[in-house]
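Here's the structure we're looking at; comments come further down.
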Amino acid sequence: MIKFIIRRFIPHHENISDKRVREQYGVLAGALGIICNLILFILKLLLGLFMNSIAVISDAFNNLSDCGSSVIAIIAAKMSNRPPDIEHPFGHGRIEYISSLVVSFIIFMVGIELLKNSFTKILHPEEVLFSWISLVILLFSVVLKIWMFSYNRYIGHTINSGINKATAYDSLNDALATSAVILSTLIGHAFDLAIDGYVGLLISLFILYTGYNVAKETVNILLGSSPNPELCNQVKDFVNEGMYIIGTHDLKVHDYGPGRTIASIHAEIQDTVNIVDAHLIIDDLEKRISEELNINIVIHIDPITTDKEKIKGMEEIVKSAVEEVNNSFVAHNIRMTIGYRCMNVIFELSVPSPQVPAADTIRKDIIHKLKEKDPQLNVIVNSITALT
């Protein structure tokens, strides 16, 4: 059904790399969320008041917070698509992440308020009225929330939207929470047990947990979490395919919002290659990566020396330093670039598999040891892998 709606309301929906199309996806998801959650809020609020059930009322206000989240999602989709300006040269894509954080705060506030009301209901229990029509309405709510989970997950994966992915699993949580309300209503009716307040308490805790997860994921992105390993491998593979390129190192990826990724990498080229040819190769790679991976990348050339005597001397220095740190470590694929004020030495390191988790400490120890031997060295331990 969601594919039909997308085809109906989003022209050129298949062109997801277009910022305008991506914005339309976000607006459509938000509009559907507002409509569905408003319907559920009104139905559940009236139902909760009729049944005198804090669990149903809690569920209703949870849907109202979801409605607010959808409004924020629409605003974010519009604002994040604004073009770069003087104050924001990399665009406004991170507004989408900030909006996710705002959504988490709304979820927290709703959860805390419902937590207080549930405690009151536990201390002062009241009779919950039962009717089969009420159960039918709640079942309809579960089905609608499962559909909302489905379409938000589809859109989230289609346009790589964090806020839609978070909304998808929030909808799934709502479906589970409403299922718990249905179960508690049936148990309370069958066994005459006052468990309404306790179920409301569980739902409020569930809401708080959802808010925590949304906030945690968003904060990680804003702080600069590690880039996707698959994306890193794609970039390295692209660069390594370039003519005369014998290796890469120092890949850095910066996320300025979905579809707004900036990266830099050092490409190693033999120093015998003509500088004009090297420039043409790098320029072509930057354009291809931009077009095929949608990444704005800057590729720095590192001219790798072909002087065999200098390479041999550097290999002896590196292997000696590595053995002094740990004689079970193996340095390989050693290469170097010669600069005006320093020399770059680049190599891979293999260590016993139990020591791989200590890679950062190992890297620092080896760099320190090599700098003791030659302070002018700029040491790049490109990777640390397990010995085979």
Side-chain angles (χ1 to χ4, degrees), residues 1-2 4-6 8-10 23-79 96 99-114 117-118 131 133-156 161 163-182 185 200 203-204 206-208 210-211 214:
M1 184 177 179
I2 186 59
F4 169 77
I5 295 174
I6 289 171
R8 176 68 176 81
F9 291 99
I10 303 180
E23 175 188 323
Q24 290 172 338
Y25 269 94
V27 171
L28 176 63
L32 288 173
I34 291 171
I35 294 169
C36 293
N37 282 308
L38 270 179
I39 292 171
L40 293 176
F41 168 69
I42 294 170
L43 285 176
K44 289 182 183 178
L45 180 62
L46 294 175
L47 185 60
L49 294 172
F50 168 74
M51 296 173 63
N52 194 29
S53 169
I54 186 62
V56 176
I57 293 173
S58 297
D59 209 13
F61 279 95
N62 185 27
N63 292 142
L64 184 62
S65 73
D66 293 341
C67 186
S69 301
S70 296
V71 173
I72 292 171
I74 292 176
I75 295 172
K78 290 286 187 181
M79 293 184 68
E96 185 169 320
S99 68
S100 296
L101 200 58
V102 173
V103 168
S104 71
F105 293 155
I106 293 174
I107 294 172
F108 273 126
M109 288 189 294
V110 171
I112 291 170
E113 187 62 31
L114 297 180
N117 292 338
S118 297
S131 74
I133 295 177
S134 302
L135 290 181
V136 170
I137 293 174
L138 291 175
L139 284 171
F140 165 76
S141 169
V142 171
V143 172
L144 186 56
K145 275 294 179 180
I146 290 174
W147 179 71
M148 291 176 69
F149 160 74
S150 175
Y151 86 70
N152 273 299
R153 183 178 63 170
Y154 176 79
I155 289 177
S161 168
I163 194 167
N164 283 109
K165 291 176 184 177
T167 302
Y169 286 98
D170 188 31
S171 297
L172 184 60
N173 290 343
D174 292 344
L176 295 173
T178 305
S179 299
V181 172
I182 294 172
T185 303
I203 293 173
S204 63
F206 203 60
I207 292 170
L208 289 171
T210 299
V214 173

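Starting from 1, each residue takes its place in the sequence as its number. As a basis for the values below, the full set of heavy atoms in this structure was taken, side chains included, without hydrogen atoms, waters or symmetry mates.
Shortest non-hydrogen contact noted between N152 and A29 is OD1-CB, 4.1 Å. Minimum heavy-atom separation, L172 to F149: CB-CD1, 3.7 Å. Shown here for M148 and S171, the closest heavy-atom pair between the two residues is CB-OG, 3.8 Å. Here the closest heavy-atom approach between residue S179 and residue V142 is recorded as OG-CG2, 3.8 Å.
For the atom pair L138 CG and L47 CG, the distance stands at 5.0 Å (nearest 0.5 Å). Annotation: the span from L28 atom CG to I10 atom CD1 amounts to 5.0 Å, rounded to 0.5 Å. Separating the CD1 atom in I5 from the CD1 atom in I2 is a distance of 4.5 Å, to the nearest 0.5 Å. Considering CD1 of I137 and CZ of F50, their distance stands at 9.5 Å, rounded to 0.5 Å.
Counting heavy atoms from C-beta on, the side chains of L43 and S141 never come closer than 4.5 Å.
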field: Candidate pair I6 and Y154, rule side chain to side chain contact (heavy atoms under 4.5 Å, CB included), full reasoning
entry: CA-CA 11 Å; I6 289 171; Y154 176 79; 3.6 Å; yes

Could you pull out all donor-acceptor pairs under 3.5 Å where a side-chain atom in residues 31-41 meets a protein atom, sequence neighbours excluded?
from : atom 1 : to   : atom 2 : distance (Å)
N37  : OD1    : K145 : NZ     : 2.7
N37  : ND2    : G33  : O      : 2.9

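Without hydrogens or angle criteria, S150 side chain to I146 main chain gives no donor-acceptor distance under 3.5 Å.
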